[in-house]
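Below is one structure; the comments refer to it alone.
Just follow the structure's listing: the first ligand is 1, and inside any ligand the first atom is 1.
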Amino acid sequence: MRVFNFAPGPAALPLEVLEQARDEMTDWRGSGMSVMEISHRSKAFMAVAAEAEADLRELLAIPGDYKVLFLQGGATGQFSAIPMNLTHADSSVDYINTGSWSKKALGEARHYCKVNVAADAAASNYTTVPPRSAWKLTPGAAYLHYTPNETIGGVEFPFVPQVDAPLVADMSSTILSRPIDVSRFGVIYAGAQKNIGPSGLCVVIVREDLLGRARHGTPSVWDFKAVADEGSMLNTPPTFAWYFAGLVFKWLKKQGGLSAMEERNRVKAELLYATIDSSGFYRNPVDPACRSWMNVPFVLAAPALDRSFLAEANQAGLVNLAGHRSVGGMRASLYNATSIEAVRALTEFMREFVRRHG
Ligand code: PMP
């Protein structure tokens, strides 16, 4: 029996895709082998890799002057790879701090160059995005980094920043949730384990003019140009995750692409926030203008009931609703593979819980 899974990542994957991977597991397309058991340089795998990239390009309408890289090391690897590729020791870079993941990203960057925190949401306890007019940008900054969606705090930018420096975005928990204009960005990166596929893969979309600037001593597996020149096969890539991501991209196309996902994701988020706001029992602390569609944290009026809430939710087949260990409370993640039906089941359970305990 499948449960309704609200995990923040690794997260729920589309059942159809899991079933396809299962069906192909031991005899992949008549080869008598699993896709995991063949060379990444074989013609068959190269075709899988190219098709996944082409489908991702189509879904996100990625312009021709961008490279798509399929890397390892997660989004955390990119926290270092970004400054290694885009700065010198005396460069300055701007970061917007909207919560846990921006903070980690800028902490890593401090090992490489001068980091200016151009705006920090500390005053709101990281429940909002500082308005663009209040940012203190560095003239000549090598880039501006921000986290469009903070997975733990549930804070999402309601706008794409307009700045002179190349824009670098950690889209780990928002990529593919709706259409975006890739041409606004210098680099987009995302760990796969939320909206793309299994963990072990990190997708980087980089504008070509930013290639070839890596500082001396950058390991070649982190050098965007070296990786791009080898089609992300400078060394053995995570073949299974790449194959699986390709199946997810096909599934997304079949759903109607990112406009269809946007509509579904809007409905899901509105349903859950409306349930929270009208309950008088649950509370989401985030500025309504900056509420995440993908990660919805909420607390109960009586925190003593947290354990009962989680236990009863589990009983009802609604799992992985505990908030991040750093903040507690609850969090429901509503990535693409989480259906409207799952969110309906969750909101019904939440109302029923209030009737019994409220
Ligand atoms: N950035 C964001 C926004 C995230 O949500 C996460 C993971 N939850 C990371 C970075 C770190 O990703 P990884 O574990 O792939 O290094």
Side-chain angles (χ1 to χ4, degrees), residues 5-13 69-85 95-111 115 120-121 126-127 129 143-158 160-161 167-178 180 185 187-205 219 221-222 232 237-238 240-242 244-245 248 265 286 290-297 320-328 330-338:
N5 180 5
F6 299 94
L13 292 166
L69 312 179
F70 291 82
L71 299 177
Q72 302 186 50
T76 304
Q78 292 308 309
F79 293 168
S80 306
I82 296 291
M84 282 194 282
N85 276 277
Y95 276 70
I96 307 302
N97 184 6
T98 49
S100 313
W101 291 110
S102 357
K103 197 165 153 216
K104 286 207 165 147
L106 71 91
E108 290 285 329
R110 284 198 169 119
H111 298 306
V115 172
D120 193 309
Y126 300 100
T127 57
V129 171
Y143 61 82
L144 177 125
H145 179 284
Y146 80 116
T147 310
N149 185 70
E150 283 283 354
T151 319
I152 296 174
V155 173
E156 183 153 357
F157 273 68
V160 174
L167 196 55
V168 177
D170 172 3
M171 290 205 187
S172 294
S173 49
T174 181
I175 195 163
L176 299 174
S177 65
R178 77 207 77 176
I180 51 167
F185 298 87
V187 185
I188 291 169
Y189 64 95
Q193 63 273 18
K194 300 158 197 304
N195 255 344
I196 296 176
S199 60
L201 173 70
C202 182
V203 171
V204 176
I205 302 167
V221 293
W222 291 126
S232 301
F240 182 75
W242 194 333
F244 198 103
V248 172
N265 288 328
V286 179
C290 305
R291 283 174 159 182
S292 168
W293 284 10
M294 294 286 105
N295 312 97
V296 183
N320 293 322
L321 284 162
H324 189 267
R325 60 187 189 281
S326 63
V327 292
M330 307 299 151
R331 172 177 49 169
S333 294
L334 312 178
Y335 301 117
N336 286 337
T338 299

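A centroid separation of 6.0 Å or more is found between the aromatic rings of Y146 and Y95.
Applying the side chain to side chain donor-acceptor pair (under 3.5 Å) rule to D170 yields the partners S172; only residues at least two apart in sequence or on another chain are considered. Checked against side chain to side chain donor-acceptor pair (under 3.5 Å), H324 has the following partners two or more places apart in sequence or in another chain: S326. For R331, there are no side chain to side chain donor-acceptor pair (under 3.5 Å) partners two or more places apart in sequence or in a different chain.
Rounding to the nearest 0.5 Å places CG of L176 at 10.5 Å from CG of N265.
Residues E108 and S80 share a closest heavy-atom pair of OE1-OG, 3.0 Å.
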Between ligand 1 and the protein, which N/O pairs fall short of 3.5 Å?
unit_1   : atom_1 : unit_2 : atom_2 : d
ligand 1 : 1 (N)  : D170   : OD2    : 2.6
ligand 1 : 5 (O)  : T151   : OG1    : 2.4
ligand 1 : 8 (N)  : K194   : NZ     : 2.9
ligand 1 : 14 (O) : Q193   : NE2    : 3.4
ligand 1 : 15 (O) : A75    : N      : 3.1
ligand 1 : 15 (O) : Q193   : NE2    : 2.9
ligand 1 : 16 (O) : A75    : N      : 3.3
ligand 1 : 16 (O) : T76    : N      : 2.9
ligand 1 : 16 (O) : T76    : OG1    : 2.5

